Amino acid sequence: MAEQDSGQERTEDPSGKRLDEAREKGQVPRSQELSTVVVLISSAVAMLFVGGNLVSSLGEVMTQSFSLNRKLIMDPHMMAQQLIVALKIMAVDVGSFLAITLIAALAAPALIGGWNFSTQAMGVKPEKMSPLRGLKRIFGTQGLVELGKALGKFLLVGSIGTLILWSLRDRLLTLGRQEVEVAMTELGFIVLWGFLAICASLILIALIDVPFQLWNHTKQLRMTKQELKDENKETEGSPEVKGRIRRMQIQLSQQRMMQDVPEADVIITNPTHYAVALRYDQSKSGAPVVLAKGTDLMAQQIRMVADHHEVPIISAPPLTRAVYYSTEIGQEIPSGLYIAVAQILAFVFQLRRYKNTGGNKPNLNTEDLPIPDEFKRDE
């Protein structure tokens with residue numbers, strides 16, 4: 001198994017970043033056997049469709065070429081015109097065959113790995129010129145696999161070809177007793193279908209080669225655990241840096257939250273462990289919103305800011321815990337707590353009016369606030 005200088009084994013699958021870097025360098029899985037099979041079978045199929053017309057066109061061209069009189073042969077201009085006529089006769093059939101073959105040659109590499117163009121792959125790499133590395137590739141795993149594929153193709157093609165010839169021996173022997181045109185047509189038919197059968201047999205080699213190439217590509221890009229950790233640090237940052245950033249984000253969030261406390265209409269508390277700042281905008285149709293919340297030290301800071309800005313603080317332990325656990329900062333309170341919070345806000349507004357205009361001092365019994373069972377939380 002491949003090892004680094006540090007002795008760590010490459011046991012981890014390549015990351016997405018490593019795969020992208022390899023693709024930029026032109027290192028993508030490729031199966032030469034698959035490409036060969038696709039091109040050969042496509043060529044055979046194309047010949048089945050256009051072969052008859054191609055032979056007819058070729059026969060017509062040969063007939064015209066061998067039937068020229070002496071005057072035309074001695075005229076250079078007529079010979080050029082004759083060549084153009086021959087090309088026009090065969091252009092459609094030859095063009096169709098070449099187009100199908102070209103499309104197959106372009107599409108075959110994309111079956112695994114997709115199309116990829118890399119300028120880095122075109123550069124000169126001195127390490128690939130090393131004789132030692134060349135010997136290692138020849139006598140290594142890749143070289144043995146290529147040797148096995150070559151022997152397999154030789155045996156497979158030889159066996160299939162022998163079977164085809166043996167099964168068609170009677171038809172081949174009778175070709176000598178047939179007319180030339182009929183014999184040539186029969187021979188072309190035999191050769192074409194034999195070629196297609198031999199090409200199809202190579203699918204077996206491709207089915208073995210494709211999984212191997214995918215496995216070998218992944219194996220070459222495998223990483224050690226240390227490489228994986230270093231890459232995570234590069235992409236996501238070290239745990240220490242991420243922790244510092246998280247703490248800074250929390251501090252900034254808390255600062256923004258504390259800046260909103262003076263705008264609250266009321267602070268409800270536990271009274272010491274929890275504190276929640278609520279604000280109700282009477283000009284809007286929405287429900288009261290939680291501006292800030294916290295426990296222990298944060299709750300104490302909320303109360304201190306509220307005290308400094310003369311925001312009413314009311315001790316309502318069950319309601320405070322219910323709002324704290326059910327509503328996030330910036331969200332409206334759930335509908336199940338509307339009545340309880342409405343009683344708190346009504347008391348605050350009455351208390352504010354009492355301080356401004358006098359009259360009877362309002363009272364509030366926080367023990368009787370209606371809190372549904374699903375919102376109740378034990379202290």
Side-chain angles (χ1 to χ4, degrees), residues 236 239 242-379:
E236 300 179 5
K242 288 193 292 184
R244 191 179 305 116
I245 293 174
R246 192 178 298 111
R247 288 193 297 271
M248 293 177 62
Q249 290 174 340
I250 293 174
Q251 291 176 358
L252 291 173
S253 176
Q254 291 176 349
Q255 290 176 4
R256 288 194 297 268
M257 182 181 69
M258 298 306 292
Q259 292 173 358
D260 292 337
V261 171
E263 300 178 4
D265 291 317
V266 63
I267 307 296
I268 54 176
T269 64
N270 194 34
T272 57
H273 296 298
Y274 296 84
V276 177
L278 296 173
R279 183 172 185 271
Y280 176 58
D281 189 349
Q282 300 183 34
S283 63
K284 298 180 179 179
S285 59
V289 177
V290 173
L291 296 183
K293 68 176 185 176
T295 60
D296 299 328
L297 182 59
M298 182 57 60
Q300 182 180 355
Q301 292 178 357
I302 292 174
R303 291 196 302 272
M304 289 175 59
V305 174
D307 232 3
H308 179 73
H309 291 85
E310 297 182 352
V311 178
I313 301 175
I314 298 177
S315 177
L319 178 60
T320 303
R321 291 194 297 270
V323 175
Y324 180 88
Y325 285 109
S326 65
T327 313
E328 297 299 326
I329 297 173
Q331 292 181 351
E332 296 181 352
I333 63 171
S335 59
L337 299 176
Y338 280 179
I339 297 176
V341 173
Q343 293 184 17
I344 294 289
L345 291 173
F347 171 76
V348 170
F349 296 149
Q350 291 172 6
L351 186 63
R352 190 180 300 166
R353 187 167 57 249
Y354 166 75
K355 290 181 179 180
N356 293 333
T357 62
N360 295 326
K361 184 176 181 179
N363 293 317
L364 175 66
N365 185 3
T366 58
E367 300 293 334
D368 296 334
L369 293 175
I371 301 175
D373 292 338
E374 64 267 21
F375 292 103
K376 290 182 179 179
R377 293 292 186 277
D378 294 332
E379 187 170 1

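Small disclaimer: the values here were computed from a predicted structure and weren't measured. Numbers here simply count residues along the sequence, with the first being 1.
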*Asks:* With rounding to the nearest 0.5 Å, note down the distance linking CG in L351 to CD1 in I314.
*Replies:* 7.5 Å

*Asks:* Answer yes or no: is there a side-chain heavy-atom contact under 4.5 Å between F349 and Q282?
*Replies:*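 Yes - at least one pair of side-chain heavy atoms lies under 4.5 Å apart.
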
*Asks:* Return the minimal non-hydrogen interatomic distance between E263 and L291, and the atom names on each side.
*Replies:* C-CD1, 3.9 Å

*Asks:* Among pairs that include at least one residue of residues 326-350, which meet side-chain hydrogen bond (donor to acceptor under 3.5 Å, both in side chains), considering only residues two or more places apart or in two chains?
*Replies:*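 Every candidate side-chain hydrogen bond (donor to acceptor under 3.5 Å, both in side chains) pair involving residues 326-350 fails, so no pair, neighbours aside, qualifies.
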
*Asks:* Under the side chain to side chain contact (heavy atoms under 4.5 Å, CB included) criterion, do L337 and I371 qualify, and how do the steps go?
*Replies:* CA-CA 6 Å; L337 299 176; I371 301 175; 4.1 Å; yes

*Asks:* Could you pull out the closest heavy-atom pair between I267 and A277, with the gap in Å?
*Replies:*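 Taking every non-hydrogen atom into account, CD1-CB, 3.3 Å.
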
*Asks:* Could you walk me through whether V266 and V311 pass the side chain to side chain contact (heavy atoms under 4.5 Å, CB included) test, one step at a time?
*Replies:* CA-CA 6 Å; V266 63; V311 178; 5.6 Å; no

*Asks:* Just how far is it from atom OG1 of T320 to atom CG of L278, taken to the nearest 0.5 Å?
*Replies:* 8.5 Å

*Asks:* Mind checking ring pair (Phe, Tyr, Trp, His ring centres under 6.0 Å) for Y324 and listing every partner two or more places apart, or none if nothing turns up?
*Replies:* Y274

*Asks:* Which atom names give the shortest non-hydrogen contact between P370 and I339, and what distance separates them?
*Replies:*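 Between these two residues, the closest heavy atoms are CG-CG2, 3.6 Å.
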
*Asks:* Go through I344 and L369 one step at a time and tell me if the side chain to side chain contact (heavy atoms under 4.5 Å, CB included) criterion holds.
*Replies:* CA-CA 9 Å; I344 294 289; L369 293 175; 3.9 Å; yes

*Asks:* Step by step, would you call N270 with R321 a side chain to side chain contact (heavy atoms under 4.5 Å, CB included)?
*Replies:* CA-CA 7 Å; N270 194 34; R321 291 194 297 270; 2.9 Å; yes

*Asks:* Tell me, do H309 and V261 make a side-chain contact under 4.5 Å, heavy atoms counted?
*Replies:* no

*Asks:* Quick one: side chains of residues 295-307, donor-acceptor pairs under 3.5 Å with protein atoms, not counting sequence neighbours, listed by atom name and distance.
*Replies:*
from: D296; atom 1: OD1; to: H273; atom 2: ND1; distance (Å): 3.2
from: R303; atom 1: NH1; to: P271; atom 2: O; distance (Å): 3.2
from: R303; atom 1: NH1; to: T272; atom 2: O; distance (Å): 3.3

*Asks:* Any idea which heavy atoms bring D265 and P312 closest together, and the distance?
*Replies:* O-CD, 3.4 Å

*Asks:* With a cut-off of 6.0 Å (strictly less than), are more than 12 heavy atoms of other residues, nucleotides or ligands near CD of E310?
*Replies:* no

